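Below is one structure; the comments refer to it alone.
Letters go in sequence order (proteins before strands), and every chain restarts at 1. Because the structure is a prediction, the values reported are computed rather than measured.
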Amino acid sequence: MPFVDAETISRRNYDVIVVGSGAGGGQMAYTLSMSGARVLMLEAGRNYDPATETAMFQTPDMAPLRGTSTPEKPFGFYDATVDGGWQVPGEPYVQTSKEPGGRFDWWRARMLGGRTNHWGRISLRNGPYDFKPHSRDGLGFDWPISYEDMAPYYDKVEMLVGIYGSNEGLENTPDSPAGCLLPPPKPIVSDLLVQKHTAKLGFPTIACHRAVLTQPLDWKNSPAKLHPGNAAAQDIIARDMRKRSPCFWATPCGQGCSIRANYQSTTVHLPPALETGKLDIVTDAMVAEVTLAKDGRASGVRFVDRHSGKSLQASARVVVLAASACETVRILLNSKSAQFPQGLANSSGKVGKYLMDTVGSDLGGQIPLLENLPPHNEDGVSGLHMYVPWWGYKAQKAGKLGFARGYHIEFNGGRRMPQFHTAAGLEWLTGGSYGAKFKEDARRYYGSMIYFAGRGEMIPNEHSYCEIDPQVKDKWGIPVLRFHWQFSEHETRQAAHMQKTFAELIESMGGRVQKPPETDGAKAIAPGGSIIHEVGGALMGDDPRRSVVNKWCQAWDVKNLFLADGAPFPSNADKNPTLTIMANAWRVADHILDRMQRKEL
Amino acid sequence: MDRRTSLRWMLTAATTLPLGRLGLAAAPDGATEAKPYGSDPKLIDAYHPGELWPLTLTPEQRKLAALLSDTIIPADAMSPAASAVGVVDFIDEWISAPYALQRADRRLVLDGFAWFDAEAKRRYSKAPAALATEQLHAICDDICYLPKAKPDLHAAAKFFARYRDLTAGGFYTTPQGREDLRYVGNKPLPKFDGPPVEVLKKVGLA
């Protein structure tokens, strides 16, 4: 009886409560339950079954408004996310500025699996530099751990989840040991063209790393490496790995994957965790606060059952928050008591501080070489086959760039499933054709566009943070967050550099840019929160006065309270955060298990 | 045609106001019973225009919509005309939808229709449907490309650009539109081989 109702759990004993069911919560619940711990997972959103709810082969003509985005489905009708987006009905938040440079838009997914139902599946390891950024350039914060501490967990997550990619031996772009990565998909023609021209400009284009099975997982060898000495866990995961189908080279990952070829928490972490019989999940359980026992330890959580509106309690020996960086911050700040009047784990006053997103900027171009190509199937794995890792370490060190941290380039081209926008806005190429000429033009330009997007590191700053709004509450009566946001010149200059680079690339390929590259970085940069890589807000560190949690993501102030999402990240490397959230959650879970075994928790 | 629409069309025909000023005067008569589909719609169902919210174009407006859509995407050897594959239904669904973007398009499109009707009568003393092809094209030629449109036709050119996008968006998302572009994906494959040699040769990569 793994999915239980809110009333049942009061009659059961749990070792660990995990708040949140996404990448961090999913990995935490998996690691704990596979080792025999009794886990209760609380998810604020509804239950979600990828096997029966996923619209894999549906085409835009079957959807309202041809599947285009609306405020209710901001990534289009068929995006697997339900009850999610930058606005969630009944769950407001407050922005102190509506200006593009001062706003933070908070994306949430209220459903089982959280944002893992939506993400781009890009799974890059942080490199050694990314754990020690302050030591390198004096900005931001170092992590209290190094790449070597995280590497074994990257290995495990890659083997478990299934990540394709290649080893290239590039600076701060780690290779994986043999047996970790799946082979990358073959490049499409626009990938090869970009690769040729980035080489001309002096930087590399290599296989991307994404969480999609390009072949079956190694169910014979990986289980023993994932769970050494744990035969029961090995058996469960070996069987589960065999149930996952590799990619069949069709349908967009973002629509979800009912054959379980890509990673969603609901298709990869939760099935084997449930199979252990040690995991109970309650959905529609909106956690409001962490509750305290008399001795100052966390006793459990108080949550609102969204069906009945009732306020209920759950208790366990250990509480892990993995609710997404900002929601975790919100829970901590709302957990006020006589002992912790500023919110829980906040003796440093740092809860909510140093929020980060990823620096984003994009530019598209039309490439005549790619016009009128013979029809061929370019669906591939639907997301990136290749990408450009950051190449400017030496120029940066020499002080030549005017910004301190790097970015990678994501790009996509190809003869993709025609969408509403495919033949829209072509006037800049056609001079306004209509009639028979327009139909010819649409054929000619289809598949000849390449879109470049930069994804760069934001350095944490004092002006980007969240706090509890003194007035506004959500529909459950829980006080909401108020956001403050500001980019520094390190970010805006980086965004301008992205624009310049993309324009150079497009022109090098003989193409035309869709619009002139934006030279003003403040205009080129996407608003805070729009890349949906929110991390920070409860940083890990070595000093209890300046950080919220220690290197095990254990609250300095509350011994049995841990964090397992992006909140403890002291920096936000250009590498998309999900893989690191998972690796860190596994690392923290191992520590919790170890301490529980030693009766320290 | 309801009374408010016919009144506006008559006014338009009588005065041939520039579209910008007319837009201010035009009531956004999209005050329908339409409700948004919510944050948790059923994704695996197939939807048809008119199911989630009522369609609102009048028969006369639909006739003009078809005329303009088929002027933008006529039938040729590769594929049918836009109206033959449901594009008018799609445009009706779009401009009847309860979202801000679509509501703005509704004003643009309905005012554009009114302008087009008035312009046909002003130039040729004919309803648009009665225009000869050259006459129809003469009007379209003046508004098909905003950078080259005369200042007093800018609003009409903006309408035409958006209407072309709506028509193309509706058309190329149909099975016939996908076939026209020779999209061959969305089919499970046993393996993915990357581009054929002839493609690489054409691009100078083989």
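The backbone N or O of A:N372 sits less than 3.5 Å from a side-chain atom of B:K202, completing a donor-acceptor pair. Distance alone, capped at 3.5 Å, places no donor-acceptor pair between the A:R443 side chain and the B:L181 backbone. A donor-acceptor contact shorter than 3.5 Å is absent between the side chain of A:E53 and the backbone of B:L43. Without hydrogens or angle criteria, A:K73 side chain to B:S39 main chain gives no donor-acceptor distance under 3.5 Å. The main-chain N or O of B:S79 is found under 3.5 Å from a side-chain atom of A:K439 such that the two form a donor-acceptor pair.
Of the two parts of A:H421, neither the backbone nor the side chain holds a non-hydrogen atom closer than 4.5 Å to a non-hydrogen atom of chain B. If you measure heavy-atom distances from A:T52 to chain B, the contacts under 4.5 Å come from the backbone alone. A:E440 does not touch chain B: none of its heavy atoms, backbone or side chain, sits under 4.5 Å away. Neither the backbone nor the side chain of B:H48 has a heavy atom closer than 4.5 Å to any heavy atom of chain A. Contact annotation for B:Y37: both backbone and side-chain heavy atoms come within less than 4.5 Å of a heavy atom of chain A. Heavy-atom distances place no part of A:T214 under 4.5 Å from chain B, backbone and side chain included. Neither the backbone nor the side chain of B:D70 comes within less than 4.5 Å of any heavy atom in chain A. Only the side chain of B:A97 has a heavy atom closer than 4.5 Å to any heavy atom of chain A. Heavy atoms of B:L166 lying under 4.5 Å from chain A belong to its backbone as well as its side chain. With a threshold of 4.5 angstrom between heavy atoms, B:A100 does not approach chain A through any atom at all. B:Q102 touches chain A through its side chain: at least one heavy atom from C-beta onward sits under 4.5 Å away, while N, CA, C and O do not. Looking at B:K42, the atoms closer than 4.5 Å to chain A (heavy atoms on both sides) all sit in the backbone: N, CA, C or O. Both the backbone and the side chain of A:F77 come within less than 4.5 Å of a heavy atom of chain B.
Highest contact tally toward chain B, considering only A:A423, A:P64, A:A55, is held by A:P64 [criterion: heavy-atom pairs under 4.5 Å]. Taking B:L52, B:I143, B:V199 one by one and counting their heavy-atom pairs under 4.5 Å with chain A, the maximum is reached by B:V199. Between chain B and the options A:K196, A:M56, A:R46, A:Q255, heavy-atom pairs under 4.5 Å are most frequent for A:R46. Chain B forms the most heavy-atom pairs under 4.5 Å with one residue out of A:S382, A:S433, A:G447, and that residue is A:S433.
Between the CG atom of B:D40 and the OG1 atom of A:T81 there is a distance of 11.0 Å, given to the nearest 0.5 Å. For the atom pair B:L68 CG and A:Y434 OH, the distance stands at 10.5 Å (nearest 0.5 Å). We find the OG1-CG distance between A:T422 and B:D165 to be 11.5 Å, quoted to the nearest 0.5 Å. Here the OG1-CG distance, from A:T68 to B:L101, works out to 7.5 Å after rounding to the nearest 0.5 Å.
Contacts of A:D61 classified as salt bridge (charged side-chain N to carboxylate O under 4.0 Å, His left out), with partners at least two apart in sequence or in another chain: B:R178. With sequence neighbours excluded, no residue forms a ring pair (Phe, Tyr, Trp, His ring centres under 6.0 Å) with A:H307.
Checked against the 6.0 Å centroid threshold, B:Y172 and A:F420 do not count as a close aromatic pair.
Side-chain contact, B:Y183 with A:N377: no donor N or O sits under 3.5 Å from an acceptor N or O.
No more than 12 heavy-atom neighbours from other residues, nucleotides or ligands sit within 6.0 angstrom of CZ on B:R182.
The stretch residues 424-435 of chain A participates, sequence neighbours left out, in these salt bridge (charged side-chain N to carboxylate O under 4.0 Å, His left out) pairs: A:E427-B:R164.
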| request: Carefully, step by step, assess A:W428 and B:Y145 under the rule ring-ring contact (aromatic ring centres under 6.0 Å, His included). | output: CA-CA 9 Å; A:W428 67 290; B:Y145 188 47; over 10 Å; no
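Taking 4.5 Å as the heavy-atom cut-off, the residues of residues 184-198 of chain B that approach chain A are B:V184, B:G185, B:N186, B:K187, B:P188, B:L189, B:P190, B:K191, B:F192, B:D193, B:G194, B:P195, B:P196, B:E198, ordered by number.
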